[in-house]
Participant: 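To start, I am sharing the structure in question, which I have written as structure tokens.
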Amino acid sequence: MMARFAVEYVYTADTAKRDEVRPAHRAFLAAQQGEVRLLVSGPWANGTGALLVFEAEDEAALRATLEHDPFAEADLVSRVRINEWTPVLGPWVAAG
């Protein structure tokens with residue numbers, strides 16, 4: 001069974017480089033399939049980071065995938081926080 005994970009990125013201050021790499025970053029996220037599946041992603045309104053929600057077999061598989069994010073490869077992410085997440089209300093929760 002797939003687990004859900006909330007991932008928080010904290011960006012470096014290099015906005016010019018982030019703007020340059022953003023198309024590759026978004027293409028990378030759009031292509032996520034297989035062991036890791038992106039459910040939703042988007043930047044904080046103040047531009048300091050982003051929230052991404054994934055389904056993955058486990059945290060190790062997710063971390064291995066995130067290492068290949070162009071933002072990570074370009075050293076544009078100063079911190080990654082990953083928490084397994086258990087939604088209890090809302091459209092992502094199966095009717096029980």
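Only heavy atoms go into these numbers, but all of them, side chains included; no hydrogens, no water, no symmetry mates. Predicted model, so just to flag it, every value in this text is computed and none were measured.
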Participant: Is there a side-chain contact between Val77 and Asp69 (heavy atoms, below 4.5 Å)?
Facilitator: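 No. Closest side-chain heavy atoms not under 4.5 Å.
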
Participant: Taking Phe54 as the starting point, is it possible to reach Ile82 by hopping between hydrophobic residues whose side chains are less than 4.5 Å apart?
Facilitator: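 Yes, same cluster.
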
Participant: Out of curiosity, Gln32 CD to Leu39 CG, how far, rounded to the nearest 0.5 Å?
Facilitator: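 So the gap between those two atoms works out to 11.5 Å.
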
Participant: Taking side chain as C-beta onward, heavy atoms only, is Leu76 less than 4.5 Å from Tyr9?
Facilitator: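 No. Closest side-chain heavy atoms not under 4.5 Å.
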
Participant: Got a second to check how far Leu29's CG is from Leu52's CG, nearest 0.5 Å?
Facilitator: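 Leu29 atom CG to Leu52 atom CG measures 6.0 Å (nearest 0.5 Å).
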
Participant: Which class fits the ring pair Tyr11 and Phe71: parallel under 30°, tilted 30 to 60°, perpendicular over 60°?
Facilitator: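 Rings of Tyr11 and Phe71: perpendicular, as their planes differ by over 60°.
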
Participant: Write down the atom of Ala56, the atom of Leu62, and the distance for their closest heavy-atom approach.
Facilitator: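 Looking at all heavy atoms of both residues, the shortest contact is CB-CB, 4.1 Å.
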
Participant: Do you reckon Phe5 sits in the same ILVMFWY cluster as Val40, going by side-chain contacts under 4.5 Å, direct or chained?
Facilitator: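 Hydrophobic grouping puts Phe5 apart from Val40.
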
Participant: Between Leu38 and Phe28, is there a shared hydrophobic cluster once you connect ILVMFWY residues whose side-chain heavy atoms come closer than 4.5 Å?
Facilitator: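 In one cluster: yes.
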
Participant: Assess whether atom CZ of Arg22 is packed by more than 12 heavy atoms of other residues, nucleotides or ligands within 6.0 Å.
Facilitator: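 Atom CZ in Arg22 is crowded, with more than 12 foreign heavy atoms closer than 6.0 Å.
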
Participant: Name all pairs fulfilling the salt bridge (Lys or Arg N to Asp or Glu O under 4.0 Å) condition that reach into residues 50-60, sequence neighbours left out, sorted by first residue then second.
Facilitator: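 Matches after skipping sequence neighbours: Arg4-Glu55, Arg37-Glu55, Glu59-Arg63.
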
Participant: Can you name the nearest heavy-atom pair linking Arg18 to Gly47, along with the distance?
Facilitator: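 Here Arg18 and Gly47 meet closest at NH2-O, 3.2 Å.
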
Participant: Specify the closest pair of heavy atoms between Leu66 and Ala72, including all atoms of both residues, with the distance to one decimal.
Facilitator: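 Looks like O-CB, 3.6 Å.
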
Participant: Quick check: closest heavy atoms across Thr65 and Val36, and the distance to 0.1 Å?
Facilitator: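 For Thr65 versus Val36, the nearest heavy atoms are OG1-CG2, 3.4 Å.
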
